[in-house]
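Encoded as structure tokens, the structure appears first; notes follow it.
Values below: all heavy atoms of this structure, side chains included; hydrogens, waters and symmetry mates excluded. Positions are given from 1 along the sequence.
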Amino acid sequence: MLGWLISVFNADLDKIKDINGLDCYFFVRFLRMMVRVMLPIWLLSWAVLIPLTSVHTTVPGHSGLDLLIFGNIVPTKQDRYAGHLLLIWIFTSKIPCWSPSDDF
């Protein structure tokens, strides 16, 4: 079902451009760039933000998946929002590093 992902990353870009044209070539480059940019953001944000917003803080009325949301931080522990801000700064500054220079 997801075998096409491996094919996209193993495909030769010059061959794609010659056979399918520029539309397909730029679409495959876009897919590759999005994975290189979004995958590290996704992994790092889940590893940091899920424990930050769900451990030892519970707002009354939140249960289930509501325990993982931004609004689950109680007013007495608002210093936890610094983790969200820090990750935003890291992600914004590192996006050019995660993508090769030929994609920009």
Side-chain angles (χ1 to χ4, degrees):
M1 182 172 166
L2 296 175
W4 65 272
L5 285 172
I6 296 168
S7 298
V8 166
F9 285 98
N10 290 335
D12 181 26
L13 284 177
D14 291 329
K15 213 176 205 184
I16 290 173
K17 185 170 48 173
D18 293 339
I19 295 172
N20 298 329
L22 288 176
D23 286 343
C24 186
Y25 169 76
F26 282 113
F27 181 67
V28 170
R29 279 188 58 183
F30 174 76
L31 287 177
R32 288 179 178 185
M33 182 190 68
M34 286 288 97
V35 169
R36 280 193 302 265
V37 169
M38 296 300 174
L39 189 65
I41 290 174
W42 173 55
L43 294 174
L44 186 60
S45 66
W46 273 37
V48 173
L49 295 180
I50 287 179
L52 190 68
T53 57
S54 62
V55 175
H56 301 299
T57 179
T58 304
V59 174
H62 287 176
S63 63
L65 289 177
D66 286 340
L67 296 175
L68 304 176
I69 64 172
F70 186 76
N72 191 46
I73 298 175
V74 293
T76 59
K77 296 185 178 183
Q78 287 189 352
D79 55 340
R80 291 182 180 216
Y81 288 128
H84 294 264
L85 185 61
L86 182 65
L87 284 182
I88 289 170
W89 286 339
I90 291 170
F91 296 154
T92 304
S93 66
K94 293 298 180 187
I95 284 178
C97 299
W98 289 332
S99 182
S101 60
D102 66 335
D103 282 347
F104 282 114

Please report the shortest heavy-atom distance between Arg32 and Val8, naming the atom on each side. NH2-O, 2.9 Å
Quick one: does Thr53's side chain get under 4.5 Å of Arg80's, heavy atoms only? no
Let me check something: do Phe26 and Leu13 share a hydrophobic cluster, defined by ILVMFWY side-chain heavy atoms less than 4.5 Å apart, either directly or through other members? yes
Would one find more than 12 heavy atoms of other residues, nucleotides or ligands at under 6.0 Å from atom CZ of Phe27? no
Within this structure, what is the CE-CZ distance for the pair Met34 and Arg29, rounded to the nearest 0.5 Å? 12.0 Å
Just checking Leu65: does its CG atom have more than 12 heavy atoms from other residues, nucleotides or ligands closer to it than 6.0 angstrom? no
Going hydrophobic residue to hydrophobic residue with side-chain gaps under 4.5 angstrom, can you get from Leu39 over to Ile6? no
Per side-chain contact (heavy atoms from CB on, under 4.5 Å), Ser54 is matched among Leu68, Ile73, Ile69 by Leu68
Which heavy atom of Leu44 sits nearest to which heavy atom of Phe91, and what is that distance? CD2-CE2, 3.6 Å
Same hydrophobic cluster for Leu49 and Val37, using side-chain heavy-atom links shorter than 4.5 Å among ILVMFWY? yes
The reported gap from SG in Cys24 to NZ in Lys15 (rounded to nearest 0.5 angstrom) is 13.5 Å
Indicate, with yes or no, if Tyr25 and Ile19 share a hydrophobic cluster defined by side-chain heavy-atom contacts under 4.5 Å among Ile, Leu, Val, Met, Phe, Trp and Tyr. no
Do Phe30 and Ile41 sit in the same hydrophobic cluster, where Ile, Leu, Val, Met, Phe, Trp and Tyr count as joined when their side-chain heavy atoms come under 4.5 Å apart? yes
What is the ring orientation for His84 with Phe70, classed by angle as parallel under 30°, tilted 30 to 60°, or perpendicular over 60°? perpendicular
Asp18 atom CG: more than 12 heavy-atom contacts under 6.0 Å: yes
For Val74, side-chain contact (heavy atoms from CB on, under 4.5 Å) partners two or more places apart: Thr57, Val59, Thr76, Lys77
Side chain proximity check, Val55 to Pro51, heavy atoms < 4.5 angstrom: yes
Non-hydrogen atoms of Leu31 and Phe9 that approach each other most closely: O-CZ, 4.3 Å
